[in-house]
Structure formats: C-alpha cells, structure tokens
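Right, one structure below, let's go through it.
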Amino acid sequence: TTFTFTALTDAEGLTYEWLINEEQVSTDSTFTYDFPEAGLYLVELITYDSDQNECFVKEFVEVGFSEIECDLEIFYHNDHADSTTFTFAALTDKEGLTYGWFIDEEEISADSTFTYDFPEAGIYLVELITYDSDQNECTTREFVEVGFSGTDCDLDIFYHNDHADTTTF
C-alpha cells in the first residue's frame, strides 16, 4: 500500500528527516512510501533550520484497513495553542454527502469540518462515515495521538493513501 507524505510548514530553508517506526526513509519535504504489510506505523517528521534548530511532529498511520474503496480522507491538525484541540476536515471530491464523525465510537459532528477539544492526552480512534444521495456508505478512520508536546513549532504532517491498492501487500 502506497502513501504520500508532505510536510506542512510555512518555514523556508529547512532540511527534513522522515522516520517510519524509527527508521529513516526520506529527506525530502514530500515523498511516497510503500508499506510492506498492514499495521499501525509511527511516522515522524523532524526538520532543521539553518541554525540546526530542531522541530518535530509524529503521527500514527494505520495501513491496510479498507471497508470499501472510496475517495475519502481525513485531514486533521493540532491547533497548537492547546495540545488537545484539533481541527478535522473531510477530503473528498464528491458533493452532496452526509457526514458522521465519531471519536472512540461516540458521534461528535455531522459537519464536513469541525474542531474538537479532547478531554485528555491519549490515542483516539477517529472515524468518518459519509453517505451519498443513494445512501451508499463510505468509511475511513485514523488513530490520532493527542497531548504529545513535541516542539512548539508550526509543523504538521499531511498524508493520504494513493488508492491504487489499499489491501494487497
């Protein structure tokens, strides 16, 4: 399964170091990675400026979960003012969808975008279920680590499954 990863930052002149399960896999700002098998992977991004000041962020990525093939992704980022406040958005080209967002199986929102204050640090399962006008269902999910302080910098990881093959390894 192939994913594309992109560093989201406004800073310029950075060097990048990407690690997957603590193994360096790239030094580019954007790269693709072929996961060898289904599982939960830790993806870390470390950046350095010209003075060698370090900034880092990490995400857990679940690979190989696919209920049905659909063009739907979850985009989220920490709002940085508070380590437990996150904004979530549905990424899809489809129109006229009905949305259902769930955090640890509790329904949280029916909007395409929302902000959520997690009650405490931890790893949470975030699920997005959409329905089109014919009531066809599409589901995607992400594990989100909340309360990881890292470094206080404007840096996030954006990633998506390239959808060519979501279940074969």
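Residue numbers run from 1 in the order of the sequence given.
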task = Go through the steps to decide whether Thr27 and Thr15 satisfy the test side-chain contact (heavy atoms from CB on, under 4.5 Å), and finish with yes or no.
result = CA-CA 7 Å; Thr27 56; Thr15 57; over 6 Å; no

query = So how far is it from Thr1 OG1 to Phe35 CZ, rounded to the nearest 0.5 Å?
reply = 9.0 Å

message = Is any side-chain heavy atom of Tyr116 closer than 4.5 Å to one of Phe86?
response = no

task = Grab the two heavy atoms, one from Ala7 and one from Tyr16, that are nearest each other, plus how far apart they are.
result = CB-CE2, 3.6 Å

message = Using side-chain heavy atoms (C-beta onward) and a distance below 4.5 Å, is Phe5 in contact with Val61?
response = yes

ask   = Would you say the side-chain atoms of Thr87 and Thr115 include a donor-acceptor pair closer than 3.5 Å?
value = yes

inquiry  = Can you tell me if Glu12 has over 12 outside heavy atoms packed within less than 6.0 Å of its CD?
reply    = no

note = Taking every heavy atom of Leu125 against every heavy atom of Arg141, the minimum-distance pair comes out as CD1-CD, 3.7 Å

query = Between Glu120 and Thr84, which heavy-atom pair has the shortest distance, and what is it?
reply = C-CG2, 4.5 Å

task = Provide the closest heavy-atom pair for Phe75 versus His77 in the form atom of the first, atom of the second, distance.
result = CE2-ND1, 3.7 Å

inquiry  = Main chain of Asp28, side chain of Trp18: is a donor-acceptor contact present, judged purely on distance under 3.5 Å?
reply    = yes

key: Shared hydrophobic cluster for Phe114 and Phe102 (ILVMFWY, side-chain gaps under 4.5 Å)   = no

inquiry  = Are the side chains of Ile20 and Phe3 in contact, using a 4.5 Å heavy-atom criterion?
reply    = no

key: Heavy-atom donor-acceptor pair, Asp49 side chain to Asp51 backbone, under 3.5 Å   = yes

inquiry  = Just to verify, which of Thr130, Asp111, Thr113, Ile129 counts as forming a side chain to side chain contact (heavy atoms under 4.5 Å, CB included) with Tyr99?
reply    = Thr130

inquiry  = Rounded at 0.5 Å granularity, tell me how far CG in Leu91 sits from CG in Leu72.
reply    = 8.0 Å

request  = Check whether any side-chain heavy atom of Glu17 lies under 4.5 Å from a side-chain heavy atom of Glu44, and answer yes or no.
outcome  = no

query = So which heavy atom on Tyr41 is nearest to which on Pro36, and how close?
reply = OH-CD, 3.8 Å

task = Grab the two heavy atoms, one from Val63 and one from Glu37, that are nearest each other, plus how far apart they are.
result = CG1-O, 4.2 Å

ask   = With a cut-off of 6.0 Å (strictly less than), are more than 12 heavy atoms of other residues, nucleotides or ligands near CD of Gln135?
value = yes

inquiry  = Using side-chain heavy atoms (C-beta onward) and a distance below 4.5 Å, is Tyr76 in contact with Val126?
reply    = no

ask   = Are Leu128 and Tyr131 connected in a single hydrophobic cluster, I mean Ile/Leu/Val/Met/Phe/Trp/Tyr linked by side-chain heavy atoms less than 4.5 Å apart?
value = no

message = Please report the interatomic distance CD1(Ile74) to OG1(Thr92), rounded to the nearest 0.5 Å.
response = 12.0 Å

